[in-house]
Undergrad: 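The structure's right below; bear with me while I get my questions together.
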Amino acid sequence: MLGARLVFRCFKTFERLGDRITGAAGPFFVAFAVILTGLGSACFFTILLPTLSYPLLTTPLCILIALNMHGHYFLVTRVRPGFVGPPPPPPVGISPTQQPQSRGRIEDSAFLWALPPHANTSGGEARVTRAATTRCKRCAVIRPERAHHCRICNRCVLKYDHHCPVGVLPPRFRGLMPRLSVRLPHCPFFPAHSPPGINQCVGLHNERHFVLFMAYLVVGCVAFCYTSWEIGLGVLGFGVEWTNWDYTIPSTIFLLIYILAAVMSLAVGIMLAFHLRTIANGETTVEGQDNEVYRKVAEQRAEAFVNSYDLGSGLRNIALFFNVAIGKHSPSPAPYPLYSLLLPMRVHPYTDGWSWARREGYEQGHAGIKRGEELTDEEEEFPDSEP
């Protein structure tokens with residue numbers, strides 16, 4: 001038993017070390033992504049766009065794709081996912097009155113929000129019921145269903161999906177954030193109005209931007225590869241050779257971006273398909289894993305597990321996720337118009353995270369699983385260890 005406890009603690013030590021490294025490297029990941037997407041857009045608009053037919057049609061379409069790709073990436077890294085509980089205390093030496101106000105955040109500007117939605121009059125509105133609550137064993141806050149504790153952010157996140165390494169600093173540097181925020185007020189890697197030392201999770205308020213960013217990134221990468229394959233072969237010496245490269249961007253950079261676009265279109269495309277599948281099933285990444293366990297538990301009792309968040313139709317679940325009306329599928333109490341999917345706009349989710357739409361007949365929760373059998377966040381200590 002002593003050996004098992006020692007192995008467990010060793011794994012936990014490496015896990016915490018990985019969390020620290022992931023958090024500290026967050027700003028570099030963001031900078032790297034901005035540079036690569038910026039280079040890709042520069043290559044497309046300076047080299048490829050002039051070669052396309054029907055410029056009056058293709059130019060606005062390409063601008064729209066690039067605008068959405070960059071806009072949703074900005075929003076998913078800046079919009080807070082939705083934390084449970086009060087905000088963290090101010091850093092040592094900074095009074096609450098000195099903290100920047102949220103009204104100064106660029107992502108909260110009025111021009112980024114879609115027009116207010118209209119009340120649902122289609123009759124297909126899903127029933128929204130109050131969520132059950134539990135107390136988090138790590139941060140001790142009262143949290144609703146679908147909220148999970150992020151061990152990197154060290155806070156509970158509403159409708160937690162997963163964590164991305166975006167903009168956290170090691171603890172010994174957190175005291176420098178107020179001074180850095182004053183000197184770099186517009187730097188996205190040292191947010192002036194974000195709580196110091198907080199990573200970016202994908203949760204209730206920014207999950208929409210995360211999925212749309214992946215969608216437009218895949219579309220942009222596929223378009224880049226399709227329109228530049230002849231130039232790419234020419235740079236490699238096949239077909240028509242490009243001996244006179246008259247562009248500002250070197251041919252080597254263009255070729256590397258082409259290879260990256262091909263790889264990203266495949267890798268991110270698979271990731272996008274996975275997330276669209278979970279959305280169509282009415283679940284998050286974490287819930288998809290939990291639901292597999294619930295199905296096995298229900299099967300052992302000769303019962304069938306039914307996810308109460310699954311409204312019974314993939315299109316209804318997708319419409320509810322994006323808070324829009326798709327044809328006759330309009331489960332949201334106040335859906336936004338479909339054009340909000342074509343522009344990098346902010347929209348409110350259909351819920352505040354403390355109430356959830358449920359499948360008809362399952363307003364009390366999932367079928368096949370009993371109250372108290374729900375999986376919670378993993379424990380920090382070995383189960384049989386001494387306190």
Side-chain angles (χ1 to χ4, degrees), residues 26-27 29-31 33-35 37-38 41 60 62-83 86-88 90 94 96-118 153 155 157-159 161 164 166-168 177-217 220 321-324 332-353:
F29 292 155
V30 176
V34 170
I35 292 172
T37 54
S41 298
C62 294
I63 292 175
L64 183 64
I65 294 174
L67 179 65
N68 276 280
M69 182 180 67
H70 293 287
H72 283 296
Y73 182 73
F74 169 79
L75 290 174
V76 77
T77 58
R78 291 287 294 170
V79 174
R80 293 167 180 160
F83 294 110
I94 302 296
T97 58
Q98 292 176 302
Q99 295 188 89
Q101 300 299 317
S102 61
R103 61 187 179 187
R105 293 166 59 90
I106 299 175
E107 60 273 19
D108 292 332
S109 301
F111 71 91
L112 289 177
W113 288 86
L115 295 176
H118 299 288
C153 295
R155 297 185 70 180
V157 179
L158 296 170
K159 200 184 177 185
D161 190 275
C164 285
V166 184
V168 71
M177 275 301 297
R179 293 189 290 274
L180 288 174
S181 299
V182 173
R183 295 178 184 177
L184 303 172
H186 303 294
C187 179
F189 313 127
F190 294 96
H193 307 299
S194 297
I198 292 182
N199 247 350
Q200 187 72 339
C201 290
V202 176
L204 177 65
H205 292 285
N206 63 352
E207 59 180 0
R208 186 181 196 268
H209 301 299
F210 177 74
V211 174
L212 288 175
F213 163 68
M214 288 194 297
Y216 282 104
L217 178 62
F321 176 88
F322 290 108
N323 200 10
V324 296
S332 173
Y336 285 84
L338 275 175
Y339 75 80
S340 62
L341 298 176
L342 302 177
L343 291 170
M345 292 181 167
R346 292 197 60 185
V347 303
H348 290 288
Y350 80 93
T351 176
D352 60 356

Undergrad: For Val79, does its backbone N or O pair with a side-chain atom of Gln200 as donor and acceptor, under 3.5 Å?
TA: yes
Undergrad: Check step by step if side chain to side chain contact (heavy atoms under 4.5 Å, CB included) holds for Leu341 and Arg208.
TA: CA-CA 9 Å; Leu341 298 176; Arg208 186 181 196 268; 3.3 Å; yes
Undergrad: Check whether any side-chain heavy atom of Phe83 lies under 4.5 Å from a side-chain heavy atom of Leu158, and answer yes or no.
TA: no
Undergrad: Rounded to the nearest 0.5 Å, what separation is found between the CZ atom of Arg346 and the CZ atom of Arg78?
TA: 10.5 Å
Undergrad: Return the minimal non-hydrogen interatomic distance between Val347 and Ala114, and the atom names on each side.
TA: CG1-CB, 3.9 Å
Undergrad: Can you find a heavy atom in the side chain of Leu115 that is under 4.5 Å from one in the side chain of Tyr339?
TA: yes
Undergrad: Tyr216 vs His72 aromatic rings, parallel, tilted or perpendicular, using cut-offs 30° and 60°?
TA: parallel
Undergrad: Ignoring hydrogens and geometry, is there a side-chain-to-backbone donor-acceptor pair from Ser340 to Pro337 under 3.5 Å?
TA: yes
Undergrad: Tell me if a side-chain donor or acceptor on Tyr336 pairs with a main-chain N or O of His348 at a distance below 3.5 Å.
TA: yes
Undergrad: Go through it in stages, so that I can follow the logic: the residues are Phe213 and Met69, the test is side chain to side chain contact (heavy atoms under 4.5 Å, CB included), and I'd like the CA-CA distance, side-chain angles, deciding distance and then a yes or no.
TA: CA-CA 5 Å; Phe213 163 68; Met69 182 180 67; 4.1 Å; yes
Undergrad: Has Asn206 got a side-chain atom pairing as donor or acceptor with Cys201's backbone, closer than 3.5 angstrom?
TA: yes
Undergrad: Under 3.5 Å, is there a donor-acceptor pair between the side chain of Asn68 and the main chain of Leu212?
TA: no
Undergrad: Are any of the side-chain heavy atoms of Val211 and Phe322 separated by less than 4.5 Å?
TA: yes
Undergrad: For residues His70 and Gly38, report the shortest heavy-atom separation together with the two atoms involved.
TA: CE1-N, 4.0 Å
Undergrad: One pair to check against side chain to side chain contact (heavy atoms under 4.5 Å, CB included): Thr351 and Lys159. What are the steps and the verdict?
TA: CA-CA 11 Å; Thr351 176; Lys159 200 184 177 185; over 6 Å; no
